There are 2 protein chains.
Amino acid sequence: MTVLEVLHSAPNCGSCPIRHNAVCARCETEELAALDAIKFYRSFEAGQTLIWAGDRMDFVASVVSGVATLTQVMEDGRTQTVGLLFPSDFVGRPGRDRAPYNVIATTDLLMCCFRKKPFEEMMARTPHIGQRLLEMTLDELDAAREWMLLLGRKTAREKIASLLAIVGRRDAALHLRKPQGKLVFDLPLTREAMADYLGLTLETVSRQISALKRDGVIELEGKRHVTVPDYNVLLEEAGDDADGGFFG
Amino acid sequence: MTVLEVLHSAPNCGSCPIRHNAVCARCETEELAALDAIKFYRSFEAGQTLIWAGDRMDFVASVVSGVATLTQVMEDGRTQTVGLLFPSDFVGRPGRDRAPYNVIATTDLLMCCFRKKPFEEMMARTPHIGQRLLEMTLDELDAAREWMLLLGRKTAREKIASLLAIVGRRDAALHLRKPQGKLVFDLPLTREAMADYLGLTLETVSRQISALKRDGVIELEGKRHVTVPDYNVLLEEAGDDADGGFFG
DNA sequence: CTGTGGATTTGATATAGGTCAAGGATTCCC
DNA sequence: GGGAATCCTTGACCTATATCAAATCCACAG
């Protein structure tokens, strides 16, 4: 995969609590060439922590394949995941050099990285990139706030349905399809990782998944392979507005 | 208060779930003059909804005095507040013209507004402003994610203590002081508004405030006037890291 | 095939916080 | 002063979810 491909894939997936992406979908060829010169790839295994909260971060990066989480941990071990990163999502914050969260690969993961300093210099020369970054950050903020509603007010069943809807939507986006009708995808998270994202325990996650299965909202093959017979039914279970959020 | 004063006051209050502010603390005098030409003031009464989710927003604005909330409401009425706006905080998103949340004045409120189109034109001419806006948006994102930890993992008592710590810190910032030792301030929120922000019911909020009072963590005079004998004790009750978050 | 360890499910029980209901305090208005 | 509205507190009880404890499943090493 070339940088050009990474940067030009910019699916906008909706109101998910998930980062959107592509650094600059409109930038000039010569700028892409410049980016190309400062890029490198890194791969990680499922379960690996790529970055620890407080670490110095001297690069920014895009997810090429796989899924990662952004996670906060309290002193006594209570854990809350605050973001999910799918392919095309972006990590890193120009102008800040400490990572505020643990970044953990939940599946095998390939990242396309750019050294931070040259990236920032390029940003300074290229207004489009800064604009795009503001755009992306606003999307992330909307996603975080949508998740605040989920964490503060939704029931366990609604939380699970919401998460499944988002994973289904992002997976559909990877295949350049709109999420509708029947969806089939693999869960990129363990029950525990789902619990950490939803503010639940893994037992509750397991029970609610069983309940959704019993009620025919989803079908399961093994523990990770999910079939959603009707995406709209799933959205109703999620308690969202009809279209699944502000972005449709 | 002049625009210059509004724009140049940029307290950075820490890891609160609260927006920070000042559009551009470093911009040139002539740019301030340009901003001055497109500003206007609006005032609102406590309880008034300034903006409804879905409304067209043709301005951006800074809080001059008072407090407002950003609030999401589900179809069945469940309500979650996703942001608190104190003086110097910013509302509005260049490049987007629909408001995603209700904005509600919780006290009498004065806003300093700028018409959006000229503001955006100015942003395009002045890289500092765009940079500052990205900076502010990243702060908001951090605050939102800190709040996700609160909503997903903290107990009711910790939630209340966290909110009191944040209000105390922002209030101290208004007086250009560091929060420490004894703090005295007024709560700008009803019990119900606190509940909506913390993902609780108003009864639970009331009970936990009574408990913190009983345990000497706070003192109350009337329902709104709070004395915190020792800010560090409050932070411990909040379950945060010693210094109260990433920003100190 | 067999043991081992992680991930998951399921059951029994406990509890934090929600719900429903009643009553106080404060303010405002007449 | 006397409603009456709003906001807040407190009590009694209930329930969704957490906690603790076994099973079960499955992948993988030997």
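Chain A is the first sequence line, chain B the second, and so forth, proteins listed ahead of strands; every chain is numbered from 1. Note that this is a predicted model, so its numbers are computed, not measured.
- Backbone-only engagement by R224(B) is indicated by non-hydrogen atom pairs under 4.0 Å involving sugar-phosphate atoms exclusively.
- A nucleotide of DNA chain C counts as in contact with chain A when one of its atoms lies under 4.0 Å from a heavy atom; the first and last such, 5' to 3', are dT8(C) to dA12(C).
- Taking atom CZ on R153(B) and atom C1' on dA18(D), their separation rounds to 10 Å, with Å as the unit.
- Using the six-membered ring where Trp is involved, W147(A) and Y197(A) have ring planes that are parallel, under 30° apart on the 30 and 60° scheme.
- In summary, K213(A) and E219(A) do not engage in a salt bridge, as defined by a charged side-chain N under 4.0 Å from a carboxylate O.
- I209(A) comes within 4.0 angstrom of nothing in the nucleic acid, heavy atoms only.
- Side-chain contact annotation: T81(B) with T71(B), donor-acceptor N/O pair under 3.5 Å present.
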Is there a salt bridge (charged side-chain N to carboxylate O under 4.0 Å, His left out) between R78(A) and E158(B)? Walk through the geometry before answering. CA-CA 13 Å; R78(A) 281 177 283 176; E158(B) 288 170 334; 2.8 Å; yes

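- Distance, R207(B) CZ to dC7(D) P: 19 Å, rounded to whole Å.
- Between the CG atom of L220(B) and the C1' atom of dT9(D) there is a distance of 12 Å, given to the nearest Å.
- The interatomic distance linking L200(B) (CG) with dC8(D) (P) rounds to 15 Å, in whole Å.
- Residue T69(A) is tested with D196(A), L189(A), V82(A), L85(A) for a side chain to side chain contact (heavy atoms under 4.5 Å, CB included); the sole match is L189(A).
- Residue contacts for L202(B): at a heavy-atom cut-off of 4.0 Å it reaches no nucleic acid atom on any strand shown.
- No hydrogens or angles considered: a donor-acceptor pair under 3.5 Å links the side chains of S162(A) and K154(A).
- The separation between R157(A) atom CZ and dT15(D) atom C1' is 16 Å, rounded to whole Å.
- Distances were taken from every side-chain heavy atom of T190(B) (C-beta onward) to each of dC8(D), dA12(D), dT9(D); the shortest belongs to dC8(D).
- Taking atom CD1 of I160(B) as the reference point, atom P of dT9(D) lies 10 Å away to the nearest angstrom.
- Between R191(B) and dT9(D) there is a side-chain polar atom (N or O) within less than 4.0 angstrom of OP1 or OP2.
- Under 4.0 Å is where a charged nitrogen must lie from a carboxylate oxygen, and between D215(B) and R157(B) at least one such pair does.
- With hydrogens and angles ignored, a donor-acceptor pair closer than 3.5 Å exists between the side chain of E203(A) and the base of dC20(D).
- Using a 4.0 Å heavy-atom cutoff across all strands shown, G47(B) reaches no nucleic acid atom at all.
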